[in-house]
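Order of appearance sets the numbers: ligands from 1, and atoms from 1 within every ligand.
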Amino acid sequence: MKTVRVESRRFTATFRSDGIIREAEKPLTFMIGWPDDKVRAVIKKNKWRAIVTAGADVEDVRRLEPEPERRKDADYQPMVFRCEVCGKEACFGYGVALLKDRIGTWYCRAHKPGAAGADRHE
Ligand SMILES: [Zn+2]
């Protein structure tokens with residue numbers, strides 16, 4: 001079991017993992033039950049800082065560091081969620097309040113509510 005502290009501009013929270021996230025503080029509680037590699041992908045996408053504070057080997061620390069080429073990547077998306085209807089990457093979230101521990105419901109462009117017919121820009 002390792003303990004990882006995640007820092008972003010908005011929050012600092014820790015989670016504990018043995019390959020699967022077993023415990024997590026808000027607002028990361030939605031990650032409980034996720035495998036490490038999925039969590040790493042989200043941490044990298046969001047450019048959060050992840051610091052392994054206990055129980056880690058060197059390999060774990062290295063893998064959590066952003067890859068140099070990713071740092072220059074300007075057009076990253078803040079988070080990856082899947083469309084409730086088709087499972088594709090979703091850009092439109094409803095009822096999202098991460099700091100209140102709610103990830104909401106997500107839809108791709110084709111399936112977002114109100115998308116049938118008129119293509120509204122938001
Ligand atoms: Zn969809």
Side-chain angles (χ1 to χ4, degrees):
M1 188 79 92
K2 63 178 179 281
T3 303
V4 181
R5 190 171 77 234
V6 177
E7 295 178 352
S8 82
R9 280 179 300 161
R10 292 190 177 176
F11 66 86
T12 299
T14 61
F15 66 82
R16 283 162 60 77
S17 169
D18 60 0
I20 301 290
I21 307 306
R22 302 298 179 187
E23 300 165 31
E25 293 177 345
K26 289 183 180 184
L28 300 179
T29 46
F30 68 92
M31 289 179 170
I32 292 170
W34 286 19
D36 271 0
D37 56 351
K38 185 174 175 185
V39 172
R40 270 197 295 276
V42 169
I43 287 170
K44 282 183 181 178
K45 277 241 171 195
N46 287 287
K47 299 191 191 307
W48 293 339
R49 252 161 67 85
I51 300 138
V52 181
T53 57
D57 55 34
V58 172
E59 180 68 4
D60 285 322
V61 177
R62 193 183 63 73
R63 284 185 304 189
L64 279 167
E65 285 171 356
E67 293 152 34
E69 64 270 25
R70 291 284 190 101
R71 283 186 195 145
K72 296 177 207 150
D73 191 356
D75 61 342
Y76 74 97
Q77 292 187 329
M79 273 214 181
V80 181
F81 293 105
R82 297 288 159 191
C83 174
E84 191 77 356
V85 180
C86 68
K88 279 200 252 178
E89 195 166 308
C91 302
F92 301 93
Y94 296 83
V96 182
L98 279 185
L99 294 178
K100 289 180 184 162
D101 202 25
R102 292 169 53 206
I103 62 169
T105 306
W106 289 76
Y107 302 94
C108 69
R109 179 173 288 278
H111 292 121
K112 69 169 179 163
D119 184 14
R120 277 181 239 157
H121 290 278
E122 291 173 29

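Shown here are the side chain to side chain donor-acceptor pair (under 3.5 Å) partners of Glu7, two or more places apart in sequence or in another chain: Arg5, Arg49. Partners of Arg10 by side chain to side chain donor-acceptor pair (under 3.5 Å), not counting sequence neighbours: none found. Checked against salt bridge (Lys or Arg N to Asp or Glu O under 4.0 Å), Asp37 has no partners two or more places apart in sequence or in another chain.
Taking a cut-off of 2.8 Å, the protein N, O or S atoms nearer than that to the Zn ion (ligand 1) are Cys83 SG, Cys86 SG, Cys108 SG, His111 ND1.
Shortest non-hydrogen contact noted between Arg82 and Gly87 is CD-O, 3.1 Å. The nearest pair of heavy atoms linking Val4 to Ala50 is CG1-CB, 3.9 Å. Summarising the geometry of Ile32 relative to Arg22, their closest heavy-atom pair is CG2-O, 4.0 Å, with the distance given to 0.1 Å.
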